[in-house]
Amino acid sequence: MISKSALRPGDGVRYLFRGVMVGDGHRPAGTALRDAQDEAGVPPGIWRGRGLEAVGLTAGDVVSERQAELLLGEGRHPDADRIERERLEAGDDPAKARRAGVLGRPIEHNWSPKTEKAKERVPWLGMDLVFRPPPTAHIAWALMGDEERRVLELCQDIAVDKTLEWLGESVAQIRSGSGGKHRTPVRDGLMVAVFRHYESRAEESKPLLHDHAVVSIRARRPDAKGTWGNLSADTLLAHIVAADTLYLLFFMEEVSARLGWAWEPREVTPGRRPVMEIAGIDQRLIGWQSTRRQQIEEALFVLTAEYVEEHGHEPGERAAYGLACRAADRTRPPKRKEPRPLSKLREQWRKSAVAAFGADVIDRLAERARAAAAAVWARVRPVVDVVLAAVDTVAVVYVMRGAFKRHHLLAEARRYLAYALRGRPHQPGLDEQIVQTVVDDYTRPVGRGFTMTADLHALYSRITDDQTVLRPLTRKRTAPLYARARLAAGALSVDREAGRAQEQQGTDVAALEQTRATIEAVAKMAAKLEDGMRERAVAYGPRPHPAPAAPSPSHTPPPGVQPAPGRSSGGVA
């Protein structure tokens, strides 16, 4: 997953230099950056992004402390010292010489009394994007051999680089005009400093391979002069979920291609989105290395209960994300004081895992992952039907959001591909093709801007006259949103396949009756979900409880999961 935080002057910059750049450890005052990184056992930061060429840097260069101070801490050219010195030697006054090394508008402009609403403006200097692989990837990286560890780190490098490239080329926009109202694509790309960490912040250190990608807010405009300005932070923030799903898709594909492993969905909370994990990795190991996750889940349960009591229904996707962030902040432990190199950490992790589960379980992790992959590939054929994928995508997004934008569809289409392909490579542009099919065939505009919603008449095939699935499900607030979305998507997929069969083979009364019966059954499933939630509320008292109902045997499987050979589910042949 990808989490984000703003980099601002003051505390944000101090956290970058005292924590992020040295592996979230403790950096004694006066210690050089490279010495602190060596002591902590973390590699030096690396520059990434196509925008580096404009400031004389190359992707892959090591991030020096002075470069980071100038670009990420002050919004200046990473070689501003030389530029300022040369201008002084040429006879410029100190203020003009310093201004020559600034990229765009100086951050001091936001603090000037002449600036409108100066006290309300806190300038951004960058954005810290944290890339974390799924939990089973941490387990394999921490407990398997050095070869698997190096391959997984390479997969992480490639997935992060491809995701940052997509953000720079397809998402990043630069502000211009009065108040920054206009948005235009950046000229070169992003400038990013990437710092790799090996463990979590928890007091009892747990394996957590992750990268901090600190994106500079500075970028060049696409004009002839190539003037500098600031990235549109709200544009980047709006596409974080789409970037998250793309990163996971790339990481899964690299792992499957290089190690031969497959992926399967794991339901963490009944009725909520499943997460993709490496098939064959003992699920008990997730609990062994997720002490902090358990703390977050406990805090999240309390926050969700408070939300339900206040609003009368479970939180939606956006509200749930906000509650998860609050739970993570509440349970954030203090920083680790004693640095430990990776070799010592891996030795400690292995001893802990062997003591908990035995050497046989740990030594056979790679073997069991390969065997499980063979079973997954034999059961799930990685074939994607664009039309069925589009129907599934729009049904899920519509039930969960009602009105939505293109980036919401893009995120869901990438989730669909992750479920359907299980790590097999997807055709470049297939996610955009699915979204374009949704936009062209199954949506209609609503409200202002680029907001749209589902066109229910277009979603149903010609053999179905009524709309008995989507509308009732959107009103059943007591059932988990994702459970309702999966029920609706499953019913529409069955209806779509039956419509195809009718077009190809002529009208089949039995097929028509079967489709109508399926849709009615799905509506009854939704009613059962609501009744179950009501019975739980009566049994446990008047206060609403956030725990969703137990999974039903009739629960529609996520896309890509085949309940029986010979049938297709969610567009997977």
Side-chain angles (χ1 to χ4, degrees), residues 7 13 16 20-21 33-34 43-87 97-107 123-129 131 154 156-176 180 182-196 211-233 235-236 239 243 246-247 250 428:
L7 178 64
V13 174
L16 170 65
V20 172
M21 297 177 69
L33 174 62
R34 194 68 194 96
I46 301 296
W47 288 112
R48 301 291 187 192
R50 292 176 52 245
L52 295 171
E53 185 178 354
V55 294
L57 295 175
T58 304
D61 288 348
V62 173
V63 179
S64 71
E65 185 165 13
R66 186 54 179 164
Q67 290 172 345
E69 287 175 352
L70 291 169
L71 180 59
L72 303 176
E74 301 177 13
R76 302 171 65 195
H77 195 288
D79 202 9
D81 292 338
R82 176 189 58 80
I83 296 174
E84 185 175 352
R85 184 174 60 253
E86 291 177 352
R87 298 300 293 265
R98 177 179 174 79
R99 181 67 180 84
V102 176
L103 304 179
R105 178 176 292 172
I107 60 174
W124 283 48
L125 293 170
M127 186 180 299
D128 181 14
L129 304 179
F131 292 78
L154 176 62
Q156 172 76 349
D157 289 336
I158 296 173
V160 171
D161 286 347
K162 287 185 176 181
T163 306
L164 291 174
E165 182 180 359
W166 176 76
L167 284 172
E169 295 183 354
S170 303
V171 175
Q173 294 180 332
I174 197 165
R175 301 183 301 173
S176 61
H182 300 291
R183 303 286 192 270
T184 55
V186 299
R187 176 172 179 172
D188 304 307
L190 302 179
M191 297 184 293
V192 190
V194 180
F195 302 92
R196 173 150 296 173
D211 288 323
H212 286 258
V214 185
V215 181
S216 172
I217 202 72
R218 305 302 193 192
R220 288 209 297 174
R221 295 187 175 92
D223 53 32
K225 296 181 179 179
T227 56
W228 289 88
N230 289 341
L231 291 173
S232 170
T235 302
L236 287 177
H239 287 79
L246 181 64
Y247 157 70
F250 282 142

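As a basis for the values below, the full set of heavy atoms in this structure was taken, side chains included, without hydrogen atoms, waters or symmetry mates. Residue numbers start at 1 and run along the sequence shown.
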J.: Scan Arg76, Glu84, Glu74, His77 and name whichever one has a side chain to side chain contact (heavy atoms under 4.5 Å, CB included) with Val102.
T.: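 Looking at Arg76, Glu84, Glu74, His77, the match for Val102 under the side chain to side chain contact (heavy atoms under 4.5 Å, CB included) is Arg76.
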J.: List the atom of Phe131, the atom of Ala213, and the distance in Å for their closest heavy-atom pair.
T.: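 Here Phe131 and Ala213 meet closest at CE1-CB, 3.7 Å.
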J.: Once rounded to the nearest 0.5 Å, what's the spacing between atom CG of Leu70 and atom OG of Ser216?
T.: 11.5 Å
J.: Atom CG in Leu16, atom NE2 in His212: separation rounded to 0.5 Å?
T.: 10.0 Å
J.: Quick one: CG on Asp81 to CZ on Arg98, what's the gap to the nearest 0.5 Å?
T.: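 The CG atom of Asp81 sits 9.5 Å away from the CZ atom of Arg98.
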J.: How close do Gly51 and Asp188 get, heavy atom to heavy atom, and via which atoms?
T.: CA-CB, 3.8 Å
J.: Apply side-chain contact (heavy atoms from CB on, under 4.5 Å) to the pair Leu129 and Leu236, showing each step before the final yes or no.
T.: CA-CA 11 Å; Leu129 304 179; Leu236 287 177; over 6 Å; no
J.: Val63 and Val214: side-chain contact (heavy atoms from CB on, under 4.5 Å), yes or no, with the steps?
T.: CA-CA 11 Å; Val63 179; Val214 185; over 6 Å; no
J.: Checking the side chain of Arg221 only, and the main-chain atoms of Trp228 only, is there a donor and an acceptor separated by less than 3.5 Å?
T.: yes
J.: Please report the closest heavy-atom contact between Trp124 and Ile217, naming both atoms and the distance.
T.: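 Looks like O-CG2, 3.5 Å.
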J.: State, with a plain yes or no, whether a side-chain heavy atom of Leu231 is found less than 4.5 Å away from one of Val215.
T.: yes
J.: Tell me if a side-chain donor or acceptor on Ser64 pairs with a main-chain N or O of Gln67 at a distance below 3.5 Å.
T.: yes
J.: Any idea which heavy atoms bring Thr184 and Pro222 closest together, and the distance?
T.: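 Minimum heavy-atom separation between Thr184 and Pro222: OG1-CD, 3.8 Å.
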J.: Taking all atoms of both residues into account, what is the closest heavy-atom pair of Leu103 and Arg218, and its distance?
T.: O-NE, 3.2 Å
J.: Is the closest side-chain heavy-atom distance between Val62 and Ile46 below 4.5 Å?
T.: yes
J.: May I ask you to test the Tyr247-Val160 pair for a side-chain heavy-atom distance under 4.5 Å?
T.: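 Tyr247 vs Val160: side chains touch.
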J.: Going from CE on Met127 to CG on Leu125, what distance comes out if it is rounded to the nearest 0.5 angstrom?
T.: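 Going from CE on Met127 over to CG on Leu125, the span is 12.0 Å.
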J.: Under a 4.5 Å cut-off applied to non-hydrogen side-chain atoms, are Val55 and Trp47 in contact?
T.: no
J.: Between Asp128 and Leu7, is the side-chain contact (heavy atoms from CB on, under 4.5 Å) condition met? List the steps.
T.: CA-CA 7 Å; Asp128 181 14; Leu7 178 64; 5.7 Å; no
J.: Is the shortest side-chain N to carboxylate O distance from Glu69 to Arg66 below 4.0 Å?
T.: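 Salt bridge present between Glu69 and Arg66.
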J.: Which atoms form the tightest heavy-atom contact between Val171 and Thr235, and what is the distance?
T.: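 Where Val171 meets Thr235 most closely, the heavy atoms are O-CG2, 3.4 Å.
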J.: Between Arg187 and Asp223, is there a donor-acceptor pair closer than 3.5 Å when you use the side chain of the first and the backbone of the second?
T.: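 Here the side-chain-to-backbone pair exists.
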J.: Check whether any side-chain heavy atom of Arg50 sits under 4.5 Å from a side-chain heavy atom of Glu169, and report yes or no.
T.: yes
